[in-house]
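Notes follow the structure.
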Amino acid sequence: MLAGEPYIADDLELATDALRAALLCERFNSRSAAEPLARRELLAELLGEIGEGVEIRPPLRVDYGYQITIGPRTFLNFGAVLLDVARITIGADVQIGPNVQLLTPTHPVEPEPRRAKYESARPITLADNVWLGGGVIVCPGVTIGENTVVGAGAVVTADLPPNVVAVGNPARIVRGI
């Protein structure tokens with residue numbers, strides 16, 4: 001899995017890692033807004049790396065957590081889904097709207113390997129100062145360049161360069177910044 005090769009997700013070690021992440025998410029999601037330090041401690045335990053001044057509003061869902069790095073001063077609004085079968089790298093000063101999904105897993109198109117429960121994943125990277133509007137879905141293997149804005153509801157299926165605005169399904173560049 002970590003090498004990007006096909007794997008079977010119900011491996012005992014992966015199931016243990018997924019349970020750990022689910023329990024930490026459950027604890028994070030149920031913490032009172034009056035307990036920001038307790039929330040921060042849970043995120044530090046769950047995630048691979050979390051920068052100074054990061055704010056994540058619950059609920060948060062992840063596969064494993066340890067493959068996620070978040071740069072300083074980044075904000076994730078309610079309902080983020082970060083499926084980190086491969087690495088998810090979120091830069092500094094990133095703004096992520098409500099109900100955004102960063103989805104690294106992918107499944108075979110061919111029916112037999114899919115039926116055998118094989119999957120794989122490709123990393124997602126959000127450069128510094130990216131803004132993803134509400135409901136954006138970022139597909140496996142996508143990199144979004146610095147300062148780029150993705151409009152609400154867009155589905156990002158391919159890399160986006162720095163300094164553009166993209167909208168739609170699939171996301172397409174509508175102008176430069």
Side-chain angles (χ1 to χ4, degrees), residues 17-106 121-160 162-169 171 177:
D17 289 350
L19 177 60
R20 172 194 164 276
L23 293 172
L24 286 167
C25 278
E26 186 177 275
R27 289 174 52 205
F28 171 78
N29 292 334
S30 66
R31 282 283 186 208
S32 168
E35 300 178 275
L37 292 178
R39 281 184 175 175
R40 174 74 184 197
E41 289 172 2
L42 288 166
L43 289 173
E45 188 176 347
L46 173 65
L47 303 176
E49 185 178 325
I50 182 170
E52 192 68 35
V54 168
E55 182 179 351
I56 300 176
R57 292 187 174 170
L60 170 67
R61 300 281 185 244
V62 304
D63 272 330
Y64 305 110
Y66 55 74
Q67 296 233 84
I68 300 168
T69 61
I70 303 176
R73 300 170 307 279
T74 287
F75 174 76
L76 282 76
N77 213 326
F78 305 107
V81 175
L82 310 177
L83 300 188
D84 62 316
V85 175
R87 289 195 59 77
I88 295 176
T89 304
I90 300 172
D93 302 300
V94 172
Q95 300 290 312
I96 296 180
N99 299 311
V100 166
Q101 300 176 48
L102 305 182
L103 311 174
T104 69
T106 185
R122 296 188 345 234
I124 290 173
T125 301
L126 306 180
D128 294 346
N129 204 36
V130 165
W131 173 21
L132 303 181
V136 166
I137 297 172
V138 180
C139 293
V142 166
T143 294
I144 299 177
E146 185 175 27
N147 302 319
T148 288
V149 175
V150 180
V155 178
V156 186
T157 61
D159 292 353
L160 293 173
N163 303 306
V164 298
V165 175
V167 299
N169 180 6
I177 296 177

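In what follows, every heavy atom counts, from backbone to side chain, and hydrogens, waters and symmetry copies are set aside.
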Under 3.5 Å, side-chain donor or acceptor atoms of residues 50-60 against the rest of the protein: list the pairs with distances, not counting sequence neighbours.
unit_1: E55; atom_1: OE2; unit_2: R57; atom_2: NE; d: 3.2

Without placing hydrogens or testing angles, list every side-chain donor-acceptor pair under 3.5 Å for residues 139-155, not counting sequence neighbours.
unit_1: N147; atom_1: OD1; unit_2: N129; atom_2: ND2; d: 2.9
unit_1: N147; atom_1: ND2; unit_2: N163; atom_2: OD1; d: 2.9
unit_1: T148; atom_1: OG1; unit_2: G145; atom_2: O; d: 3.3
unit_1: T148; atom_1: OG1; unit_2: P161; atom_2: O; d: 2.5
unit_1: T148; atom_1: OG1; unit_2: N163; atom_2: N; d: 3.2
unit_1: T148; atom_1: OG1; unit_2: V164; atom_2: N; d: 3.4

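- The backbone N or O of G91 sits nowhere less than 3.5 Å from a side-chain atom of D128 that would complete a donor-acceptor pair.
- In terms of modelled atom types and a separation under 3.5 Å, the side chain of T69 and the main chain of E49 share no donor-acceptor contact.
- Contact of the L82 side chain with the V62 side chain is registered, since non-hydrogen atoms from C-beta on lie closer than 4.5 Å.
- Contact annotation: the side chain of P123 never approaches that of T89 to less than 4.5 Å [non-hydrogen atoms, C-beta and beyond].
- The side-chain heavy atoms of I70 and L43, taken from C-beta on, include no pair separated by under 4.5 Å.
- No side-chain donor-acceptor contact under 3.5 Å links N77 to the backbone of I96.
- With sequence neighbours excluded, the residues that form a side-chain hydrogen bond (donor to acceptor under 3.5 Å, both in side chains) with Y66 are D17.
- Scanning all heavy atoms of the two residues, the minimum distance from A38 to R31 falls at CB-NE, 3.7 Å.
- Nearest approach of G133 to V100, heavy atoms of both residues: O-CG2, 3.4 Å.
- Expressed to the nearest 0.5 Å, how far CG of L47 lies from CG of D84 amounts to 8.5 Å.
- Taking the side chain as every heavy atom from C-beta outward, V156 and V136 approach each other to under 4.5 Å.
- A86 and T104 get closest at one heavy-atom pair: N-OG1, 3.0 Å.
- For the pair T74/L126, no side-chain contact is recorded, criterion being any heavy-atom separation below 4.5 Å from C-beta on.
- Using a 4.5 Å heavy-atom threshold, the side chains of R61 and N29 count as touching.
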